[in-house]
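The structure appears right after this line, and notes come after that.
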Protein chains: 2
Amino acid sequence: MNRDELLRLDNQLCFLLYAASRMIAGLYRPLLDKLGITYPQYLVMLVLWEHGDLSVGEIGTRLHLDSGTLTPLLKRLEKQELIQRSRSLEDERRVMIRLTDTGAAMKASAYSIPETLICNTGMSMAQYRTLKGELGKLFDQLKQVKSCAKEPGNHENL
Amino acid sequence: MNRDELLRLDNQLCFLLYAASRMIAGLYRPLLDKLGITYPQYLVMLVLWEHGDLSVGEIGTRLHLDSGTLTPLLKRLEKQELIQRSRSLEDERRVMIRLTDTGAAMKASAYSIPETLICNTGMSMAQYRTLKGELGKLFDQLKQVKSCAKEPGNHENL
DNA sequence: TAAAATAATATTGTACACAATTAATTTGGA
DNA sequence: TCCAAATTAATTGTGTACAATATTATTTTA
């Protein structure tokens with residue numbers, strides 16, 4: 001591949017990721033509209049349905065989001081009465097997120113979403129598994145790169 | 001997989017896409033900071049470097065972005081004097097985007113980016129090719145789904 | 001144990017995304 | 001030809017992302 005080929009949009013893996021991610025989020029939208037939540041809010045709900053009460057930071061670790069993103073998002077979920085936010089008693093720096101009854105009950109309405117979505121993408125089960133495997137590998141590598149970049153003295157390598 | 005398994009974050013292909021896409025964008029950031037542009041702005045520059053002058057709509061078709069996103073982004077690129085915006089003379093609805101000399105010259109500084117980035121992800125060449133192939137397939141299928149949804153009378157299927 | 005370092009969250013500011021609406025222009029019939 | 005439909009961008013409003021900073025609470029350490 002020559003220099004110009006390397007810069008062609010179609011040759012950018014990053015663009016495929018970027019575009020596919022947004023297109024998939026677009027497929028979620030009509031399903032999540034029925035629940036009255038956005039796609040990032042849905043990811044937060046998934047984490048809470050799976051793990052129960054978590055602090056803002058623990059949610060952020062799992063979703064790779066910081067408080068700048070999560071704080072306003074969680075306030076919106078609180079306004080919808082899907083979660084409750086409260087300072088931890090043991091450590092008053094932490095803000096604990098707890099599902100309300102409404103929020104916990106929403107899980108029942110969500111069970112059908114994953115399958116509907118895979119179906120709507122038009123992917124075969126084999127294709128789904130392959131892609132998930134490859135993306136999982138990339139994801140794990142990227143997590144390593146990220147944690148490596150955070151080590152002291154490694155800020156200039158990237 | 002039972003119902004609860006289906007809703008686990010780790011089982012969501014969409015989350016892998018979403019997280020990996022943002023992490024990759026994070027790897028681009030230090031490289032693009034040197035050029036003074038953001039990742040979506042870089043994608044616009046890629047399209048212009050590849051195709052020359054294009055209308056706002058043509059850029060949007062290639063990047064799957066609408067004028068609500070592109071108009072302010074392009075105004076920022078114009079302020080940096082990387083592009084020029086001007087109404088088409090043949091069709092005054094269209095706004096043509098043209099690279100300035102500075103914008104065209106920036107391509108030379110970008111040639112090294114794709115390889116640096118793949119290297120920084122830690123992916124092998126084989127892994128890169130496999131993932132790109134699988135993502136390409138998904139992308140093409142999603143494009144079909146999207147165009148299908150746009151056909152009259154198909155709004156409720158998704 | 002008091003000051004310094006660290007940690008957790010919130011806030012501020014900039015830049016996307018995208019739905020919905022608006023405005024201007026072009027096009028295609030009746 | 002004239003006008004309704006379609007096309008193209010811009011605008012408005014909401015909701016992420018994320019860097020940088022601020023704030024408050026905890027932990028370390030001198």
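Sequence lines set the chain letters: A, B, ... in the order given, protein chains first and strands last, and positions in each chain run from 1.
- Across all their heavy atoms, A:M96 and A:S88 have their closest contact at CG-CB, 3.9 Å.
- Pairs engaging residues 102-115 of chain B under the side-chain hydrogen bond (donor to acceptor under 3.5 Å, both in side chains) rule: A:D4-B:K107, A:D4-B:Y111 [sequence neighbours left out].
- Per the geometry, CZ belonging to A:R76 stands 11 Å off P belonging to D:dT14, to the nearest Å.
- Side-chain contact between B:L99 and B:M45 is present, with heavy atoms from C-beta onward closer than 4.5 Å.
- Scanning residues 9-23 of chain B for heavy-atom distances under 4.0 Å to DNA chain D yields B:Y18, B:R22.
- Here the closest non-hydrogen pair linking A:Y18 and B:Y39 is CD1-CE2, 3.9 Å.
- Pairs engaging residues 68-109 of chain A under the ring pair (Phe, Tyr, Trp, His ring centres under 6.0 Å) rule: none recorded [sequence neighbours left out].
- By the neighbour-count criterion of 12 heavy atoms within 6.0 Å, atom CD of B:E5 is densely surrounded, having more than that number from other residues, nucleotides or ligands.
- Rounding to whole angstrom units, CG of residue A:D33 and C1' of D:dT14 are separated by 13 Å.
- Heavy-atom nearest nucleotides on DNA chain C were determined for A:G26 and for A:R87, and the one closer to the 5' end corresponds to A:R87.
- With sequence neighbours excluded, the residues that form a side-chain contact (heavy atoms from CB on, under 4.5 Å) with B:D140 are B:K143.
- Counting heavy atoms of neighbouring residues, nucleotides and ligands inside a 6.0 Å radius, atom CG of A:D33 exceeds 12 of them.
- Within 4.0 Å (heavy atoms only), B:L73 reaches sugar-phosphate atoms of the nucleic acid but no base atom.
- Less than 4.0 Å separates DNA chain D from at least one heavy atom of each of the following residues of residues 36-63 of chain A: A:T38, A:P40, A:Q41.
- Contacts between chain A and DNA chain C, taken as any atom within less than 4.0 angstrom of a protein heavy atom, begin and end at C:dA7 to C:dA19.
- Note on A:R62 versus A:E50: no salt bridge recorded, every NZ/NE/NH1/NH2 to OD/OE distance being 4.0 Å or above.
- Here B:Q12 pairs with nothing under the side chain to side chain donor-acceptor pair (under 3.5 Å) rule; sequence neighbours left out.
- As rounded to whole Å, 12 Å separates atom C1' of D:dG15 from atom CG of A:L77.
- With no hydrogens or angles considered, no side-chain donor-acceptor pair links B:Q41 and B:Q80 at under 3.5 Å.
- Rounded to an integer number of Å, the gap from NZ of A:K75 to P of D:dG15 is 14 Å.
- Contacts of A:E78 classified as salt bridge (Lys or Arg N to Asp or Glu O under 4.0 Å), with partners at least two apart in sequence or in another chain: A:R85.
- For the ring pair (Phe, Tyr, Trp, His ring centres under 6.0 Å) condition, the pairs that include at least one residue of residues 47-105 of chain B, sequence neighbours left out, are B:H64-B:F139.
- Applying the ring-ring contact (aromatic ring centres under 6.0 Å, His included) rule to A:Y42 yields the partners A:Y28; only residues at least two apart in sequence or on another chain are considered.
- If one axis is set at each end of the helix from C:dT1-D:dA30 to C:dA30-D:dT1 from five pairs, those axes are 0° apart, to 10°.
- The distance from atom CD1 of A:I83 to atom CD1 of A:I97, rounded to the nearest 0.5 Å, is 4.5 Å.
- Residue B:D101 qualifies as open at atom CG: its count of foreign heavy atoms under 6.0 Å is 12 or below.
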For nucleotides 20-29 of chain D, tabulate all protein N/O to nucleotide N/O atom pairs closer than 3.5 Å, reporting atom names and distance.
unit_1: D:dT26; atom_1: OP1; unit_2: A:E92; atom_2: N; d: 3.2

